[in-house]
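What you see is a predicted model; the values in this text were computed from it and never measured.
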Amino acid sequence: MIAKIIVDVPSAQTDRMFDYKVPEQWQAFIRPGMRVIVPFGPRKVQGFIVELTEHSEFKQIKSINELQDTSPVLTAELMELGKWLAEKTLSYQISAFQVMLPAALKTKVKKEIRLKANKLELPFFVQALFTEKDRIPFEEVQSLAKKEKIEIQTLLLEGKLTEHFLLIEKAKQKKVRFVVLNKAIENIAEIKLKIPSRAKKQHEMLEFLVNHPKAIQSTELLKVLQTTRSTLQALIDKEYVVETEEEVYREAMAELMIQPTQPLMLTPKQTEVLSPIVEAMDCARSETFLLHGVTGSGKTEIYLQAIAKGLEEGKEAIMLVPEISLTPQMVERFKGRFGDLVAVLHSGLSAGEKLDEWRKIQRQEVKVVVGARSAVFAPFQNLGLIIIDEEHETSYKQEDNPRYHARDVAIYRGEHHRCPVILGSATPSLESYARAQKGIYTLLTLLERVNARALPSVEVVDMREELRNGNRSMFSSQLMEKMKERLEKKEQIVLFLNRRGHSTFVMCRDCGYVATCEHCDVSFTYHRHQHRLKCHYCGDEQAMPTTCHSCQSEHIRFFGSGTQKVEEELTKVLPEAKVIRMDVDTTSRKGSHGRLLEAFGRKEADILLGTQMIAKGLDFPSITLVGVLAADSMLHIPDFRSAERTFQLMEQVSGRAGRHELPGEVYIQTYTPEHYSIELVQSHDYERFFQMEMNNRKRAGYPPYYFMALVNISDPELTKVISVSEKIAQFLKRELHSTSIILGPVVSPLARLKDRYRYQCVIKYKNEPKLERTLREIQEHYMKETNQGSLQIQIDLNPFLFM
DNA sequence: AGCACGCCGACT
DNA sequence: GTCGGCGTGCTC
Ligand SMILES: [Zn+2]
Ligand SMILES: [Zn+2]
């Protein structure tokens, strides 16, 4: 019996099947979709069985070493999907398979050499290798001289040394670290003398550990002492304290007594929307619905009832939610209705926990999965419904290989399972809405909130006017007045600041010099806790400079997301207001995001001030005022979707106000009040926005009128990049249809990354049957150089990020 | 991606 | 001669 296998070697040359013999003992139950370990040249690798046959063209077939599964981890459907995914995204098959599975299922194989003979009989250099141990990692052999390597080879043949392969399971059990004082230490006072007195934190920590002799969790210790790992590390290095690792049993997310809920009565409007979905489910029709429902229109209840309908028929459902919206409250709504039948997949889980949830689906113990993008690959076998909530969110597109969009995968799976797909949004993406208008998707609308509560009133404030009236502060007089009013009434306020630069940078106030990474063309990000500069792209870091590199001035300082400055001004103008600030600074610690929100929910503050991150999920009854401080900051980003993003964001932020009994008001401050993406938020007029924006896209030749593809070429050698990208552009122009537009090559907006220069070509096309083939040809043509050389060619179909 | 093999310049 | 650096090619 022969197995055709895709091996875990992501390279163009190995992106095909390899044949292996199936040992007798496994022939009865081996199946396609199972994982195996196979010999591959001089090493061993993991692989997936894609086919079982009796014949092979190949002469010298090796045997499978290990069968890792008793039942396939990839169903026949998912294997087909994987093939399709690799084709559509121009990526390797192995990468497509891996992206569909939890990372914990991945196995890497390490080679080690063991000593099997009397050490003294062996050459000195071998004795040295095995000092105080009888096994060494193979890399140590690799770094030896050539002659010595050959000697090792002979010793292996003679059996004096043996090769062993270790299977490294990716992310096993979750581990927690504990620290205690080193037991060997008898005289603490003596030690304390050895630590320099300026190391205050280390003294504090020692003191604490002396007073608390019981082992304490490392993270706990750091939190209590308000310090960082470096303090602890220093003490560990000096061997004054000992750190141990312990496995903890993974407990399912603290099930805090979730109240079971019953289906709610639907409004006539909701019923009208639900019925075609149910009908499609009944007829097993793979129809895609675009549910355009304003915030508070009861979309979630429709999802819940549609899922319930499927469950009655013994069908399963996938519910996709953007990562940031995947809050405990969200999960609670699904667990409240479906109890134990729900699995949850989100990034907060450890690799092991994700595997646990995934196994529940595989073993058919659950019927519903709620999760972020990758949950679209849930291994259900009898899907009745796939829902993508907030379908306009860009996080549904994976930004590294394979660059897939969850929406495309959902529709593919919907067709396979003959089940409907619901795309839900208050502000649908232009692409989806256009498809709905063309009749490719079925449009369903819910333009009223349940209980007919009014949408919040939105006021656009012209900041130019404010400036003319002599108001140079960041709060307009209207917003100021409204804030005072709310403070008196003890109602809550949300202030939203979306700045263009997402992070804090360091600039000289005298000459304007900005600290930038020397490997990438980006400015450094200032990290407050460590008082250091870090590059977001390559991870390089350095100390915060005290003087300007360019003019030696001492007036060099960091410029934050701006929230800090707003906070300062708030305390000046509204000293009585309690403010909670949420930005990268205050939420970088794990869990702090949730804690701050909870505190605001308990009304421990009057004003919540934050960046993008507070646009979603805030649902507190006493928020009655929302202020957007600078609406146009996003508008001027050079991205053809910036107007769409602005409108979506403004709508989303508006939705935070007046979600309950108290009516809400929104004030949007802007320097371009006449721009339609801001003006139309006032009337919450999506339809009109859509028309305007479609006109612009048509005029400029952007999606949805054109499809786009991005080819990014990078290399440490600038001349190489330029010549290759020019050749590629020419090739594209020659091969593709005359109606397709090839832009570039131009230098990428992120011109240099990790010491590599980056150029790009953008392809705009309407109908291009040769596209995938042509792009494949480019990949193959440069295969040698991308494989062994330093050249990289990245291809992104329907890109969201043009970098 | 690894890993081995083999060619070639530099040095004992 | 021999050592080690690196370019080239293969993996069922
Ligand atoms: Zn960098
Ligand atoms: Zn300067």
Subject >> Residue pairs, two or more places apart or on separate chains, that pass side-chain hydrogen bond (donor to acceptor under 3.5 Å, both in side chains) and touch residues 709-728 of chain A >> reply: S714(A)-R756(A), D715(A)-S790(A), K720(A)-E785(A)

Subject >> Covered region of DNA chain C, 5' end to 3' end, by chain A [heavy atoms, under 4.0 Å] >> reply: dC3(C) to dC12(C)

Original post:
Which pairs count as ring-ring contact (aromatic ring centres under 6.0 Å, His included) when at least one residue sits in residues 101-142 of chain A, sequence neighbours excluded?
Top reply: none

Subject >> Sequence-distant partners of R16(A), side-chain hydrogen bond (donor to acceptor under 3.5 Å, both in side chains), two or more places apart >> reply: none

**OP:** Indicate for each nucleotide in nucleotides 3-12 of chain B, in 5' to 3' sequence, whether protein heavy atoms under 4.0 Å reach the base (B), only the sugar-phosphate (S), or nothing (-).
**Re:** SS-BB-----

Original post:
Quick one: salt bridge (charged side-chain N to carboxylate O under 4.0 Å, His left out) pairs with a partner in residues 792-801 of chain A, sequence neighbours left out?
Top reply: K397(A)-D796(A), R403(A)-D796(A)

What donor-acceptor contacts under 3.5 angstrom involve side-chain atoms of residues 82-96 of chain A, with partners at least two apart or in another chain?
unit_1 : atom_1 : unit_2 : atom_2 : d
T89(A) : OG1    : L85(A) : O      : 2.7
T89(A) : OG1    : S91(A) : OG     : 2.6

**OP:** Any side-chain hydrogen bond (donor to acceptor under 3.5 Å, both in side chains) involving residues 55-75 of chain A? Give me the pairs, sequence neighbours left out, ordered by first then second residue.
**Re:** D19(A)-S56(A), R35(A)-D69(A), Q46(A)-Q68(A), Q68(A)-T107(A)

Subject >> Contacts of type salt bridge (charged side-chain N to carboxylate O under 4.0 Å, His left out), residue E431(A), not counting sequence neighbours >> reply: R641(A)

Original post:
Among residues 155-167 of chain A, which residues get a heavy atom nearer than 4.0 Å to DNA chain C?
Top reply: none

Original post:
For Y526(A), which residues count as a ring-ring contact (aromatic ring centres under 6.0 Å, His included) partner, sequence neighbours excluded?
Top reply: H531(A), F558(A)

**OP:** Mind checking side-chain hydrogen bond (donor to acceptor under 3.5 Å, both in side chains) for E151(A) and listing every partner two or more places apart, or none if nothing turns up?
**Re:** none

